[in-house]
2 protein chains.
Amino acid sequence: MDEGRKTYLEAKSRVLKALGHPTRLLIAEELGRGERCVCEFVEMAGVDYSTVSRHLNVLKQAGLVEDEKRGKQVFYRLRVPCVLSFMECLEQVIRTGAEERMKMIGQDQ
Amino acid sequence: MDEGRKTYLEAKSRVLKALGHPTRLLIAEELGRGERCVCEFVEMAGVDYSTVSRHLNVLKQAGLVEDEKRGKQVFYRLRVPCVLSFMECLEQVIRTGAEERMKMIGQDQ
DNA sequence: CTATTATTTGGTTATTATGCCAAATATACC
DNA sequence: GGTATATTTGGCATAATAACCAAATAATAG
């Protein structure tokens, strides 16, 4: 495999990995509806401020969100809205997987 | 947050997480062109058979691939091709991130 | 049945991720 | 300046990942 492809795979998988956590995916989905401050995620996700702050940093490092400080609060925004278009496909993966499991049960074994 | 959404976020993030590794993303991209046997990934990715096998299992558990044994070999296939449609968006995330970094350099700071 | 090839699994180790608490920082308000 | 609020960072404990080697399993060929 050439070096260029390797680097590219690393960059792309880094973005996917950033979205590959329930709390971070929740954050991304919420940001799809508009900007939010950190405190809103703390409430929604039910985890510590410090934890949310670190999740937001992972998303930021991956290039998915940007932040802006206004007054005492920091507001986050989705930087590349197309990531929300993944959802439909993810649902399909999950649905297909569930059907498969049903079939497995149907066939004894 | 209601229990249903939580479960759903977990399921969706599990799929993204499965794709969030360079070797597994390579595998997914290759499978986009057609079925492949394990040995092909071993060669392409330059890692151990055991490592590839475990990566394939992660993809399988996530519902992304299916396998079929034929003779001595095991062939893997993409089960839900839409995941390849992520790539364009991922590239956009990376590109936008790179531009941003260029701007940061432009502005002293 | 034995040897060979392809793949998976068990076991170990090193690295990374996650979450909390406490402390540091930044901003606004009085 | 002093206090309160919002967020980030340092430190730590625990859990999850990733890679390798060696051994187990499965299938074919001889």
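Just so it is clear, the model here is predicted, and its values are computed rather than measured. Values below: all heavy atoms of this structure, side chains included; hydrogens, waters and symmetry mates excluded. Numbers restart at 1 for each chain; the letters A, B, ... are given by sequence-line order, proteins then strands.
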**Check: B:Arg77 side chain, B:Glu35 main-chain N or O, donor-acceptor pair, under 3.5 Å** = no
**Prompt:** Do any N or O atoms from the side chain of A:Ser53 and from the backbone of A:Tyr49 form a donor-acceptor pair under 3.5 angstrom?
**Reply:** no
**Request:** Please tell me which of the listed nucleotides, D:dC20, D:dT9, D:dT8, lies nearest to the side chain of B:Val47?
**Result:** D:dC20
**Request:** Nearest whole angstrom, please: distance from the P of D:dA29 to the CD of B:Gln73.
**Result:** 12 Å
**Prompt:** Ignoring hydrogens and geometry, is there a side-chain-to-backbone donor-acceptor pair from A:Thr51 to A:Val47 under 3.5 Å?
**Reply:** no
**Request:** To the nearest Å, give me how far apart NZ (B:Lys69) and P (D:dT28) are.
**Result:** 8 Å
**Request:** Looking only at side-chain atoms of B:Asp48, point me to the closest of D:dT7, D:dT8, D:dC20.
**Result:** D:dC20
**Asked** Phosphate oxygens OP1/OP2 of C:dC20: is one of them under 4.0 Å from a side-chain N or O of A:Thr51?
**Response** yes
**Request:** Under 4.0 Å between any heavy atoms, over every strand shown, what does A:Val58 touch: base, sugar-phosphate, or nothing? Just pick one.
**Result:** nothing
**Asked** Do side-chain atoms of A:Glu40 reach the backbone of A:Cys37 as a donor and acceptor pair under 3.5 angstrom?
**Response** yes
**Asked** Rounded to whole angstrom units, what separation is found between the OH atom of A:Tyr49 and the C1' atom of D:dT5?
**Response** 8 Å
**Request:** Please state whether the phosphate of C:dT8, meaning OP1 or OP2, lies under 4.0 angstrom from any side-chain nitrogen or oxygen of B:Ser53.
**Result:** yes
**Prompt:** Under 4.0 Å between a side-chain N or O of A:His55 and OP1 or OP2 of C:dG19?
**Reply:** yes
**Message:** From NZ of A:Lys60 over to P of D:dT7, roughly how many Å is that when rounded to an integer?
**Reply:** 14 Å
**Message:** What is the distance, to the nearest angstrom, from the CD1 atom on A:Ile27 to the C1' atom on C:dT18?
**Reply:** 13 Å
**Prompt:** So, A:Arg36 side chain and A:Leu31 main chain: donor-acceptor pair closer than 3.5 Å or not?
**Reply:** no
**Asked** What's the NZ-P distance between B:Lys72 and D:dA24, to the nearest Å?
**Response** 20 Å
**Asked** Between A:Gln61 (CD) and C:dT16 (C1'), how many Å, whole number?
**Response** 16 Å
**Request:** For A:Ser13 and A:Leu9, indicate whether the former's side chain and the latter's backbone hold a donor-acceptor pair under 3.5 Å.
**Result:** yes
**Message:** Near DNA chain C, counting only heavy atoms under 4.0 Å, which residues of residues 6-26 of chain A show up?
**Reply:** A:Lys17, A:His21, A:Arg24
**Item:** Closest to side chain of A:Val74, choosing from D:dT8, C:dT8, D:dG11
**Value:** D:dT8
**Message:** At less than 4.0 Å, is any side-chain N or O atom of A:Tyr76 found next to OP1 or OP2 of D:dT8? Yes or no.
**Reply:** yes
**Message:** Using whole Å, what does the distance between atom C1' of nucleotide D:dA6 and atom CZ of A:Phe41 come to?
**Reply:** 14 Å
**Message:** Check the orientation of A:His55 and A:His21. Use parallel for under 30°, tilted for 30 to 60°, and perpendicular for over 60°.
**Reply:** tilted
